[in-house]
*Asks:* 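Got a structure for you, written out below as structure tokens; questions coming shortly.
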Amino acid sequence: MKKISLGKTGITSDKNGFGALPIQRISFEDAERIILRAVEGGITYFDTARFYTDSEQKLGRALAGRRHEVTIATKTMCKTTEEFWTQLNQSLTDLRTDYIDIYQFHNPDFCPRPDDGTGLYEAMLEAKKQGKILHIGITNHRLPVAEEAVDSGLYETLQFPFSYLAAPQDLALAEKCAQSGMGFIAMKALSGGLINRADVAYAFCDQYDYVLPIWGIQKMSELEEFLECRKNPPAYDEEMRAFVASERAQLSGDFCRGCGYCMPCPAGIKINDCARMSLLIRRAPVEIYMNKEYQAEMQKIKGCLHCDSCRQKCPYGLDTPALLEKNLLDYEEVLAGKAL
């Protein structure tokens, strides 16, 4: 089975990583079954975050007896050194471990550095000295911040969006990491659930020996798809290339990836669903999104305050209020009978 070395960390992982954001939506029992099946299937890299509600607790419960077999990466959204230590110690408790393999700054809007006045990078160094973390990483959705992190030489890993929808500059960033000896971890490898062919997603990422994709897993059936790809890797052939070309034509531009960094909305709008509803109803069973609950969620768009908070927070620079209005119009037309 294909393995990947994460830059200069010394960590060798299966070419598939387990993204534990979605398991916050399922029970502890279901999460444990899926996580243990992943370990049995050969997956060794598990990614979570303090921000993902009870995800760390679920990983900790499932992996308590398998800690020596796996790599655990988690993240902090701390703004101060006090928050850094509070969040780190809580993560260690919830993960039921005395060390974290890779501890990452979670999508900061700047690149933390020594002597930048925040003390955050110094806290990372102290935690590493204490043995509470083994490697220092950073995640980001902003290309300039990501590039600065690579150029700084301060970080051992970078986690950045990467999928068959990646732009040329994203591909160049991944290669730059490889050349500098920095591990590259691909988040949003399924583009927030909009990519729905596991074989194509897997085959695309599999072309890059230096890219470790983490697949967001919520169901056993999703996990089994990737374990099958792991056993019998699909070839990135002409049919897949044509499919990806059509996907890029549809999904390029101002589409919401559902990252949720715009949340919470002062008007109570569930932006990370509502701003991409036109795509969701065309890429999943439409009845899921046509029930009374989702209709009510979409109607909240009419109460948008136009405060621009979501636009200012969007790492992709989207005009989120305009995107919400566009999706609401399409949604109401589909409700009225417009063909999909």
*Asks:* Just by distance, with hydrogens left out, do Gln299 and Lys302 show a side-chain donor and acceptor under 3.5 Å apart?
*Replies:*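 Lys302 and Gln299 do have a side-chain donor-acceptor pair below 3.5 Å.
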
*Asks:* Give a yes or no on whether the backbone of Tyr164 and the side-chain of Arg248 come within a donor-acceptor separation of less than 3.5 Å.
*Replies:*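 The answer is yes, because a donor-acceptor pair under 3.5 Å joins these two groups.
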
*Asks:* Distance from Leu173 atom CG to Leu158 atom CG, nearest 0.5 Å?
*Replies:*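 Reported to 0.5 Å precision, the distance equals 5.5 Å.
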
*Asks:* Please test Arg282 against Asp330 for salt bridge (charged side-chain N to carboxylate O under 4.0 Å, His left out), starting from the C-alpha separation and ending with a verdict.
*Replies:* CA-CA 11 Å; Arg282 289 167 173 82; Asp330 179 57; 2.8 Å; yes

*Asks:* How long is the gap from OG1 on Thr76 to CD on Gln90, to the nearest 0.5 Å?
*Replies:*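 Answer rounded to 0.5 Å: 12.0 Å.
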
*Asks:* Phe204 and Phe243: aromatic ring centres closer than 6.0 Å?
*Replies:*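 No: the rings miss the under 6.0 Å criterion.
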
*Asks:* For Phe162 together with Phe184, are the ring centres under 6.0 Å from each other?
*Replies:*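 For Phe184 and Phe162, the ring centres are under 6.0 Å apart.
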
*Asks:* Are more than 12 heavy atoms, taken from residues, nucleotides or ligands other than Lys3, located less than 6.0 Å from that residue's NZ atom?
*Replies:*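 Yes.
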
*Asks:* Answer whether the closest heavy-atom distance between the side chains of Tyr208 and Leu171 falls below 4.5 Å.
*Replies:*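 Side chain of Tyr208 against side chain of Leu171, heavy atoms only: contact under 4.5 Å found.
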
*Asks:* Heavy atoms only: give me the nearest Leu88-Ala127 pair and the separation to one decimal.
*Replies:*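 Smallest interatomic distance, heavy atoms only, reads CD2-CB, 3.7 Å.
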
*Asks:* Which atom pair, heavy atoms only, marks the closest approach of Pro321 to His306?
*Replies:*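 Shortest heavy-atom contact: CB-ND1, 4.1 Å.
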
*Asks:* Are the ring centres of Phe226 and Tyr202 closer than 6.0 Å?
*Replies:*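 Aromatic pair excluded; centres sit 6.0 Å or further apart.
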
*Asks:* Quick check: closest heavy atoms across Cys229 and Ala198, and the distance to 0.1 Å?
*Replies:*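 Answer, listing the atom of Cys229 first, then Ala198: SG-O, 4.3 Å.
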
*Asks:* Within 45° of the axis and under 6.0 Å from the centre of the six-membered ring of Phe28, does NZ or CZ of Arg61 qualify?
*Replies:*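 No, Arg61 does not lie over the aromatic ring of Phe28.
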
*Asks:* Are the side chain of Asn272 and the backbone of Cys259 linked by a donor-acceptor contact shorter than 3.5 Å?
*Replies:*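 No, the answer is negative, given that no donor and acceptor are paired below the 3.5 Å cut-off.
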
*Asks:* Is the shortest heavy-atom distance from the side chain of Asp47 to the side chain of Ile185 under 4.5 Å?
*Replies:*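 No, side chains not in contact.
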
*Asks:* Can you tell me which residue among Ile43, Val39, Asp101 is in a side chain to side chain contact (heavy atoms under 4.5 Å, CB included) with Val70?
*Replies:*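 Exactly one option meets the side chain to side chain contact (heavy atoms under 4.5 Å, CB included) with Val70, and it is Val39.
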
*Asks:* Side chain to side chain contact (heavy atoms under 4.5 Å, CB included), that's the test. Do Leu227 and Arg37 meet it? Break it down for me.
*Replies:* CA-CA 10 Å; Leu227 292 181; Arg37 171 66 183 123; 3.7 Å; yes

*Asks:* Between Tyr121 and Tyr155 (judged by ring centroids, cut-off 6.0 Å), do the two rings come close enough to count as a pair?
*Replies:*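 Yes, ring centres under 6.0 Å apart.
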
*Asks:* Looking only at side chains, do Asn291 and Glu287 share a donor and an acceptor under 3.5 Å apart?
*Replies:*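 No, no side-chain donor-acceptor contact under 3.5 Å.
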
*Asks:* Which one of Ile138, Leu120, Thr118 satisfies the side chain to side chain contact (heavy atoms under 4.5 Å, CB included) criterion with Pro108?
*Replies:*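 Between Pro108 and the candidates, side chain to side chain contact (heavy atoms under 4.5 Å, CB included) is satisfied uniquely by Ile138.
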
*Asks:* Does a side-chain heavy-atom distance below 4.5 Å link Glu56 with Leu59?
*Replies:*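 Contact flag for Glu56/Leu59 side chains = no.
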
*Asks:* How far apart are the closest heavy atoms of Gln218 and Pro22, and which atoms are they?
*Replies:*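 Closest heavy-atom pair between Gln218 and Pro22: CB-CB, 3.6 Å.
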
*Asks:* Between Tyr236 and Val211, is there a shared hydrophobic cluster once you connect ILVMFWY residues whose side-chain heavy atoms come closer than 4.5 Å?
*Replies:*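 Yes, same cluster.
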
*Asks:* Can you confirm whether Asp209 sits close enough to Lys2 that some side-chain heavy atom of one is under 4.5 Å from a side-chain heavy atom of the other?
*Replies:*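 Side-chain contact under 4.5 Å: yes.
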
*Asks:* Test your reading of the model: is there a side-chain donor-acceptor pair from Asn16 to the backbone of Trp215, 3.5 Å cut-off?
*Replies:*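 Such a contact is absent between Asn16 side chain and Trp215 backbone.
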
*Asks:* Could you give the distance from OG1 (Thr74) to CG (Leu92), rounded to the nearest 0.5 Å?
*Replies:*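 Reported to 0.5 Å precision, the distance equals 9.5 Å.
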
*Asks:* Please report the closest heavy-atom contact between Met240 and Ala235, naming both atoms and the distance.
*Replies:*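 In terms of heavy atoms, the two residues are closest at SD-O, 3.3 Å.
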
*Asks:* Judged by atom type as modelled, is there a donor-acceptor pair below 3.5 Å linking the side chain of Gln295 to the main-chain atoms of Met290?
*Replies:*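 At least one qualifying donor-acceptor pair exists.
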
*Asks:* Is there a side chain to side chain contact (heavy atoms under 4.5 Å, CB included) between Leu6 and His135 once you walk through the steps?
*Replies:* CA-CA 11 Å; Leu6 270 180; His135 304 284; over 6 Å; no

*Asks:* How long is the gap from CE on Met124 to CD on Gln104, to the nearest 0.5 Å?
*Replies:*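 Reported value, rounded in 0.5 Å steps: 8.0 Å.
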
*Asks:* Evaluate whether atom OH of Tyr261 has more than 12 neighbouring non-hydrogen atoms of other residues, nucleotides or ligands under 6.0 angstrom away.
*Replies:*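 Count over threshold, so yes.
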
*Asks:* Working to the nearest 0.5 Å, report the span between OH of Tyr210 and CD of Gln179.
*Replies:*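 The OH atom of Tyr210 sits 8.0 Å away from the CD atom of Gln179.
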
*Asks:* Decide if atom NZ of Lys338 counts as having more than 12 heavy atoms of other residues, nucleotides or ligands within a radius under 6.0 Å.
*Replies:*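 Yes, enclosed.
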
*Asks:* May I ask you to decide if Ser27's main-chain N or O and Asp30's side chain share a donor-acceptor pair within less than 3.5 Å?
*Replies:*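 No, because the side chain of Asp30 does not come within donor-acceptor range (under 3.5 Å) of the backbone of Ser27.
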
*Asks:* Considering all heavy atoms of both residues, which atom of Ser55 and which atom of Thr48 are nearest to each other, and what is their separation?
*Replies:*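 Minimum heavy-atom separation between Ser55 and Thr48: OG-OG1, 2.8 Å.
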
*Asks:* Please check if the side chain of Arg283 supplies one atom and the backbone of Leu194 the other of a donor-acceptor pair under 3.5 Å.
*Replies:*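 Checked: pair present.
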
*Asks:* Evaluate the salt bridge (charged side-chain N to carboxylate O under 4.0 Å, His left out) criterion for residues Asp116 and Arg113: first the C-alpha distance (whole Å), next the side-chain angles of each, then the deciding distance (0.1 Å), finally the verdict.
*Replies:* CA-CA 6 Å; Asp116 64 6; Arg113 292 173 171 271; over 6 Å; no

*Asks:* Answer yes or no: is there a side-chain heavy-atom contact under 4.5 Å between Ile26 and Ile34?
*Replies:*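 Yes, their side chains come closer than 4.5 Å.
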
*Asks:* Ignoring hydrogens and angles, state whether a donor on the side chain of Gln130 or Glu126 is under 3.5 Å from an acceptor on the partner side chain.
*Replies:*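 Present: a donor and an acceptor within the cut-off.
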
*Asks:* Less than 4.5 Å apart, side chain to side chain, heavy atoms only: is that true for Asp94 and Arg50?
*Replies:*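 They are in side-chain contact.
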
*Asks:* May I ask you to say whether Glu147 pairs ionically with Lys176, meaning some side-chain N is under 4.0 Å from a carboxylate O?
*Replies:*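 Result for this pair is no, no salt bridge flagged.
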
*Asks:* Show the numbers, then the answer: is there a side chain to side chain contact (heavy atoms under 4.5 Å, CB included) between Glu333 and Leu329?
*Replies:* CA-CA 6 Å; Glu333 289 177 347; Leu329 176 61; 3.8 Å; yes

*Asks:* Salt bridge between Asp109 and Lys79, side-chain N to carboxylate O under 4.0 Å?
*Replies:*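 No, this pair does not count.
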
*Asks:* Does the side chain of Thr9 pick up a donor-acceptor pair with the side chain of Glu156 at under 3.5 Å?
*Replies:*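 Glu156 and Thr9 do not have a side-chain donor-acceptor pair below 3.5 Å.
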
*Asks:* How many angstroms lie between OH in Tyr45 and CD1 in Ile72, if you round to the nearest 0.5 Å?
*Replies:*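 The CD1 atom of Ile72 is 10.5 Å from OH of Tyr45, to the nearest 0.5 Å.
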
*Asks:* Please check if the side chain of Glu32 supplies one atom and the backbone of Lys58 the other of a donor-acceptor pair under 3.5 Å.
*Replies:*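 Side chain of Glu32 to backbone of Lys58: no pair is present.
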
*Asks:* So, Asn107 versus Thr139: side-chain donor-acceptor pair below 3.5 Å or not?
*Replies:*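 No, no side-chain donor-acceptor contact under 3.5 Å.
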
*Asks:* Should Leu190 and Leu279 be regarded as members of a common hydrophobic cluster, given that ILVMFWY residues are connected when their side-chain heavy atoms come within less than 4.5 Å of each other, either directly or indirectly?
*Replies:*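 Linked, Leu190 and Leu279 end up in one cluster.
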
*Asks:* Are Thr71 and Ser13 packed together at the side-chain level, in the sense that at least one heavy-atom pair is separated by less than 4.5 angstrom?
*Replies:*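 No, every pair of side-chain atoms sits at 4.5 Å or beyond.
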
*Asks:* Side chain to side chain contact (heavy atoms under 4.5 Å, CB included), that's the test. Do Leu251 and Ser191 meet it? Break it down for me.
*Replies:* CA-CA 10 Å; Leu251 295 174; Ser191 200; 5.7 Å; no

*Asks:* Would you call Phe255 and Leu165 a side-chain contact if the rule is heavy atoms closer than 4.5 Å?
*Replies:*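 Phe255 reaches Leu165 side chain to side chain.
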
*Asks:* Is there a donor-acceptor pair under 3.5 Å between the side chain of Glu325 and the backbone N or O of Ala322?
*Replies:*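 Absent.
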
*Asks:* Assess, by modelled atom type and distance only, whether the side chains of Lys75 and Tyr52 contain a donor and an acceptor separated by less than 3.5 Å.
*Replies:*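 Result is yes, a qualifying pair exists.
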
*Asks:* Would you say Asn327's side chain and Leu324's backbone share a donor-acceptor pair under 3.5 angstrom?
*Replies:*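 Side chain of Asn327 to backbone of Leu324: no pair is present.
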
*Asks:* Output yes when a side-chain donor or acceptor of Ser180 lies under 3.5 Å from a complementary backbone atom of Cys177, and no otherwise.
*Replies:*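 Answer holds: yes.
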
